[in-house]
Chemist: 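Below is the structure I would like to discuss, written out as structure tokens.
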Amino acid sequence: MNNENHPLLRELNAQQRAAITVPPGPVLVLAGPGSGKTRVLTHRVAWLLSMELVPPWQVLAVTFTNKAAREMRKRLDGMLERTASRGLSIGTFHATCARILRREAEWAGLDSDYVIFDSADQLSAMKLVVKELGLDDKRYRPRALLGAVSRAKNELLLPADYPVHTYYDEIVARVYRRYQEMLRENSALDFDDLLVEPVRLFRATPEVLEKYRQRFRYILVDEFQDTNMAQYTLLRQLSQEHRSLYVVADEDQSIYSWRGADTRNIHRLREDYPELQEFLLEENYRSTQVILNGAQAIIAHNLERTPKSLFTRRPGGLPIALHEAYDEEEEADFVAREVQALQRANYTPGDVAVMYRTNAQSRALEEAFVHANIPYRLIGGTRFYSRKEVKDVLAFLRLAQNPDDNVSFLRVVNLPARGIGARTLAKVAAQAEAQQSSRYRAAMALVAQGTLSRRTRNALQVFTELVTAWHEAREQLPVVQLLDRIIADTGYESYLRDNTDVGESRWENILALRAVTAEAPELLLRDFLTDVALVADVDELDERVEAVTLLTLHSAKGLEYPVVFITGLEDGMLPHSRSLDDSLQAVAEERRLLYVGMTRAKERLYLSYAFLRHWYGNTEPSLPSRFLADLPPEVLGQPSKPKRSVQGANHWSAPRWGQALQRQPERRPAVQQRFHRGQHVSHRRFGEGAVQDSQIEGGEELVTVLFFDNRVGVKQFLAGLAPLEPFSKH
DNA sequence: AAGGATTGCTTTTTT
DNA sequence: AGCAATCCTT
């Protein structure tokens, strides 16, 4: 079996080969960043399928994001015989569990048409609970309660088992019980339920567990350090008999403990599987030595970790650039200007990622990029599926699927306004309570009773009849047609398009949602809604797009870029202030977060912090992150004397790294000059203007334009990239 | 019941 | 600063 010449083992180092060819059994691969973890996992699957004659349908590979799952499948498709990768189960924990629960709904005591509540839905539900139990929402904040409930679920505690030490615990236990009831009344599961319910199902029903043990005889898990108790228990349930569990982990990259992830699962694994075989992957294929040294210096300060000796065969490298900016605006300008300089040095915008701790930090960067005309792509933030208008339309669709979903019902019952206000809804709630049914059924009952005023009665009747009609149509119509019908029936388009720019862009979001539904015409509404609930924003990351990527450090896990900027390295921002008044472990996790960010960089790494930072609307001076003190001076480059920028006024102007910026290999061919002084041009965003100057610089044509709109003024563009055209009248 | 004004609160991080 | 919940007016 140790066939050194096997095609699957080509171009792999000895550590990787050993990890890939180990006989089935419990295996833990401990690996540093950039060590080809995912590659090893993928090759392991291919190895199992080709050498062990394992049938693909017995293999389950669990990844952290849908994107990782897609990439893994793509790679396997390329490596294996066409038919071999079919039947293979690859997916996230949540997606895998969602599928199991659909199939075994009856055994699990669930409605197979269940909907998935995202965090906004959870919050709505929790608010209803707090109201219903007559609690003061100032004292018992729905968010905090939700956190407590989530923690309990991740620990696999039922409401009855919730440990009560204080009066507050007592309330949490009550709230938890009622919240759970409410979810089930709505045929809903939240994210935690997706993990917890299979565990309970397998505990309660050995024959179902046995079925899945047979089904998933070979289980592989990526990013194992980020599993929580429920996930670990699930893995143990499935694998404790056949014991073919293969996990890949890096405790230094554990950044989700706030979500219940627990690196102690690595130790539990050693205890629960004494025959566990361990492998190390220490060679880094991603970063230069300098970047790796910097990252190592940061992470070495954490206690309670197994020191690793990471090495790379890419010696030297450019120094890590450390930049102090005056404020966040200047910091963003610095990033934008460096990106432009990088472009002149043959980097493309797609080579660059800008990372930060909190989503709110993206705003200044976006503005700077718009200003500098650099294409960018924002990951996270107000995520597409959580935008109000998108959630509204999804709520209609969810009602079509499951009219008893009270949360969706309450969200859209009066949207667009159809005269169903708080008083009416209170009556509906009372009726629902009385007849122990959903709001939808209660509303129908009230309409039938005829005790309401004519106007209210009409409004309610119109709405419930629409829902009923959609519900009946859902099986006949493809999702896209159902969506069109809903929009037509509710007049949602004219509600959104109120002749403002905001209204237009909201409508565009709906059109984008519609395009998603049109892509998969045969998809059932139920499965469409599941997919939508479980996509992450990183999943949408498309490498083909030539744009700078803006993302949080958390979303950056598992990705790599030639150039990485990490911004906002200030005390309170990167060790986030919330972690500072927390425990030591919380600060250690912040440190790991920086480590994860730094190790995303292949060639160049920029670290920056601002002297002033806007915080809750006011501006406050800040100190450089305490982590920066741990960087050895030799990894930090000495910037050359800053050249005066054109404006010149700003004494904080960014240093340039001059020569060092040149990307070693190929240079771009010289470009033809397209614009000349005095020429009339038009720009997609800024309108019309006149060229003041144009010259070739660093293989790019740099055009200076005075726009006729004096709010815009003078701007400079790279002719090759900017949406700038010679103006012609027609 | 709807829409506008005011207050007060919030931000980690995401499947 | 931005947003959601609440209050206030019509």
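For clarity, every value in this text was computed on a predicted model and none was experimentally measured. The figures here come from the full heavy-atom set of this structure, side chains too, leaving out hydrogens, waters and symmetry mates. Proteins come first, then strands; the chains are lettered A, B, ... in the order of their sequence lines, and each starts at number 1.
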Chemist: Would you kindly give the CZ-to-P distance between A:R592 and B:dT13, to the nearest whole Å?
Modeler: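 Atom-to-atom, A:R592 to B:dT13, this comes out as 18 Å.
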Chemist: Between A:T65 and B:dT15, is there a side-chain N or O to OP1/OP2 distance below 4.0 Å?
Modeler: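 Checking B:dT15 against A:T65, no side-chain N or O comes under 4.0 Å of OP1 or OP2.
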Chemist: Would you call A:R613 and A:E331 a salt bridge, taking side-chain N to carboxylate O under 4.0 Å as the test?
Modeler: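 Yes.
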Chemist: Does A:E570 reach the main-chain N or O of A:A610 with its side chain, forming a donor-acceptor pair under 3.5 Å?
Modeler: yes
Chemist: Relative to the 5' end of DNA chain B, which residue comes earlier, A:L593 or A:A422, by the nucleotide with the nearest heavy atom?
Modeler: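 By nearest-heavy-atom nucleotide position, the 5'-most residue is A:A422.
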Chemist: Heavy atoms only, 4.0 Å cut-off, all strands: where does A:F93 land among base, sugar-phosphate and nothing?
Modeler: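 The residue A:F93 makes no contact with any strand.
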Chemist: Write down the distance between CD (A:E589) and P (B:dT13), rounded to a whole number of angstrom.
Modeler: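 Rounded to the whole Å, the gap is 14 Å.
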Chemist: Quick one: A:M126 CE to C:dA4 P, roughly how many Å, whole number?
Modeler: 20 Å
Chemist: With a 4.0 Å cutoff (strictly under), does any side-chain N or O of A:S119 reach OP1 or OP2 of B:dT14?
Modeler: no
Chemist: Quick one: A:W615 CH2 to B:dT11 P, roughly how many Å, whole number?
Modeler: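 Nearest whole value for this atom pair: 12 Å.
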Chemist: Toward the 5' end of DNA chain B, which comes first, A:T424 or A:T358, by nearest nucleotide?
Modeler: A:T424
Chemist: Within this structure, what is the CZ-to-C1' distance between A:R578 and B:dT13, rounded to whole angstrom?
Modeler: 11 Å
Chemist: Run A:D192 and A:R259 through salt bridge (charged side-chain N to carboxylate O under 4.0 Å, His left out) and show every step you take.
Modeler: CA-CA 10 Å; A:D192 302 316; A:R259 207 165 87 178; over 6 Å; no
Chemist: Could you tell me whether the phosphate oxygens of B:dA1, OP1 or OP2, come under 4.0 Å of any side-chain nitrogen or oxygen in A:N414?
Modeler: no
Chemist: Does B:dC9 have OP1 or OP2 under 4.0 Å away from a side-chain N or O of A:R141?
Modeler: no
Chemist: Tell me what A:R363 touches on the nucleic acid: a base, only sugar-phosphate, or nothing, going by heavy atoms under 4.0 Å.
Modeler: sugar-phosphate
Chemist: Scan A:R592, A:R591, A:R305 and name whichever one has a side-chain hydrogen bond (donor to acceptor under 3.5 Å, both in side chains) with A:D252.
Modeler: A:R305
Chemist: Using the side-chain heavy atoms of A:A417, tell me which of these nucleotides is nearest: B:dA2, B:dT15, B:dA1.
Modeler: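 Among B:dA2, B:dT15, B:dA1, the one nearest the side chain of A:A417 is B:dA2.
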Chemist: Please determine if a side-chain N or O atom of A:K127 lies less than 4.0 Å away from the OP1 or OP2 oxygen of C:dA5.
Modeler: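 It does, given that an N or O in the side chain of A:K127 lies less than 4.0 Å from OP1 or OP2 of C:dA5.
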Chemist: From the options A:N359, A:L593, A:T358, select the one residue that forms a side-chain contact (heavy atoms from CB on, under 4.5 Å) with A:T552.
Modeler: A:N359
Chemist: Starting at atom CG of A:N359, determine the distance to atom C1' of B:dT10, rounded to an integer number of angstrom.
Modeler: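 It is 14 Å, rounded to the nearest whole Å.
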Chemist: What residues from residues 257-265 of chain A pass a heavy-atom cutoff of under 4.0 Å to DNA chain B?
Modeler: A:W258, A:R259
Chemist: Would A:R418 and A:F463 count as a cation-pi pair here, with the cationic atom under 6.0 angstrom from the ring centre and within 45° of the axis?
Modeler: no
Chemist: Going by an N to O cut-off under 4.0 Å, is there a salt bridge joining A:D111 and A:R102?
Modeler: no
Chemist: For A:D137 and C:dA4, what is the distance between atoms CG and P respectively, to the nearest whole Å?
Modeler: 16 Å
Chemist: Which donor-acceptor pairs under 3.5 Å do the side chains of residues 423-432 of chain A make with protein atoms, sequence neighbours left out?
Modeler:
from, atom 1, to, atom 2, distance (Å)
A:Q431, NE2, A:Q435, OE1, 2.6

Chemist: Figure out the CG/P separation between A:N154 and B:dT14, and round it to whole Å.
Modeler: 17 Å
